A.B. asks: 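Right, I'll just put the structure down here and ask away after.
Only a predicted model underlies this, so the values are computations on that prediction, with no experimental measurement involved. We count ligands from 1, going down the list as the structure has it; atoms in each ligand are counted the same way.
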Amino acid sequence: MKVFKFGGASVKDAAAVKNVASILDKFAGEKIVVVVSAMGKVTNALEEIHRNRIKGEKTSDLIKTLKQYHDTIAKELFGDNAQNRLHRVHALFEEMNEKIGYPRSTNEDADYDAIVSYGELFSTALVHEYLSAEGFNVAFADARQIIRTDNRFRDARVDWGKSGMGAEQLKAKFEKHDLIIIQGFIGSDAMGAPTTLGREGSDFTAAILAYLLHAENVTIWKDVPGMLNADPKWFADTIKLDKISFKEAIELAYYGASVIHPKTIKPLQNKNIPLFIKSFIHPEAIGSVIQEDDTFDHLVPSFICKANQLLLSIIPKDFSFVVEDNLREIFDFLSQTGIRIHLMENSALNFSICIDKDDHKFNRLLDLLKPKYNFRFNENLHLLTARHYTEENIKMLIKDKEVLLEQRNRQTIRFVVRPVAV
Ligand code: ASP
Ligand code: MG
């Protein structure tokens, strides 16, 4: 049994959905769990709907646009039969509308998950309808009944025991079906409330299911030819990494390589399940494979740029040294606010961290810090990382940039820089 994951870009319009079907057609007769994300930029649109609801602003126009987007795709996929095939999607829209009309709960993150989880429900309903119409022997599964989590909304942790029982239900569907369509990104807590695994979490869903079902391998179908040594958005002349180790992939993902969700590798490594990254545009091309062997890791330098970074310096008000007690407290605040540190450095009176700029979390952190600490911060920075670098590489990397902070060890060098204004 295999696990495939199709992200938002691979189902962004009717042609893309048809392409998914043509890829699945090449694997006729195989048992495949097909994890699907929300279509195109639907998750962003749902986040906006959620934000408007929180602010007490109008959501109806945004919802209408979102519904039209799905309707258009359905019309292109099903022609005259679209209305019939859209029943499920429209029922989901009604359900979502109803929830939006409810009074808000006391937990904003729980409300977020309740709304944003619909993206994957819409997409899988449509993709399932389409594959069925095309004659695939395909079952549908609701990830909220399979992926069980705690109630850390927006960033839920998997309950592996309960999810294992969920996976048994999936397995049973293979007795009668070849394919199972399931949502990425979403799950539910012990009370049955919908949860999400963090943005871009569908890759992680694929890995969780592969782990629980002892899959032969996982393929993430992307709009790039495989895992590249740098993001073409930031760097010219990228090279495809044909084969890298789990360890290297975890490091790259940690430093911000955006090809796969950072949590994806661990479950696969733990069961030695290879992960293929392949192009949905050229499905016959070999792509990249991430597996145990690390002999090739050092051959090609990798470059990573994390944009939209903030460098925060935290300074105790009473001029005390930043020692273990302060650090414990600061880490506790970071954990409470769910802020991840990308790089840190401390001096006697100063603890500096490089983090994503997320206003919601950041303001919560500042509120916690205020009573005892002063702080300074710089925003709109980039965090640049090079793995297996040469001195030549470094020169290129920081050319014309103001470096605010630098850290290096033998494999990795990192710079917090102010990008050049264009
Ligand atoms: N739809 C979710 C997101 O856009 C999950 C995913 O695509 O992996 O973040
Ligand atoms: Mg996505």
A.B. asks: Should K5 and D203 count as an ion pair when the cut-off is N to O under 4.0 Å?
C.D. replies: yes
A.B. asks: May I ask you to check whether over 12 heavy atoms, not counting those of K41, lie within 6.0 Å of atom NZ?
C.D. replies: no
A.B. asks: List ligand 1 atoms under 4.0 Å from E120, heavy atoms only on the residue side.
C.D. replies: 1 (N), 2 (C), 5 (C)
A.B. asks: R199 heavy atoms, cut-off 4.0 Å: which ligand 1 atoms fall inside?
C.D. replies: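 So the atoms of ligand 1 that pass are 3 (C), 4 (O), 9 (O).
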A.B. asks: Quick test of your reading of the structure: of A9, A206, S202, whose heavy atom lies closest to atom 8 (O) of ligand 1?
C.D. replies: S202
A.B. asks: Could you tell me whether ligand 1 has any atom less than 4.0 Å away from a heavy atom of G7?
C.D. replies: no
A.B. asks: Testing the 3.5 Å rule here: is there a donor-acceptor pair between the side chains of R414 and T385?
C.D. replies: yes
A.B. asks: Is there a donor-acceptor contact under 3.5 Å from the side chain of N393 to the main chain of T390?
C.D. replies: yes
A.B. asks: Of the options T295, D294, D293, D297, which is the one that meets S245 in a side chain to side chain donor-acceptor pair (under 3.5 Å)?
C.D. replies: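 Testing S245 for a side chain to side chain donor-acceptor pair (under 3.5 Å) against T295, D294, D293, D297 leaves exactly one candidate, D297.
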A.B. asks: Quick check on contacts: which atoms of ligand 1 are under 4.0 angstrom from a heavy atom of T43?
C.D. replies: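 Contacts of ligand 1 toward T43, numbered from 1: 1 (N), 2 (C), 3 (C), 4 (O).
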A.B. asks: Give the atoms of ligand 1, by number and element, whose distance to some non-hydrogen atom of F185 is under 4.0 Å.
C.D. replies: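 Those of ligand 1 that fall under 4.0 Å from F185 are 2 (C), 5 (C).
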A.B. asks: Should D203 be counted as touching ligand 1, given the test is an N or O pair under 3.5 Å?
C.D. replies: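 It does not: no N or O of D203 is found under 3.5 Å from an N or O of ligand 1.
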A.B. asks: Run L126 and M39 through side-chain contact (heavy atoms from CB on, under 4.5 Å) and show every step you take.
C.D. replies: CA-CA 10 Å; L126 264 188; M39 294 174 151; 3.9 Å; yes
A.B. asks: Taking distance alone, with no angle check, do K5 and ligand 1 share an N/O pair under 3.5 Å?
C.D. replies: no
A.B. asks: Select one of side chain, backbone, both or neither to describe which atoms of H261 lie under 4.0 Å from any atom of ligand 1, heavy atoms only.
C.D. replies: neither
A.B. asks: Considering the heavy atoms of S37, write down every atom of ligand 1 situated less than 4.0 Å from one of them.
C.D. replies: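 Under 4.0 Å from S37, ligand 1 has these atoms: 6 (C), 7 (O), 8 (O).
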A.B. asks: Quick check, are the ring centers of F351 and Y373 under 6.0 angstrom apart?
C.D. replies: no
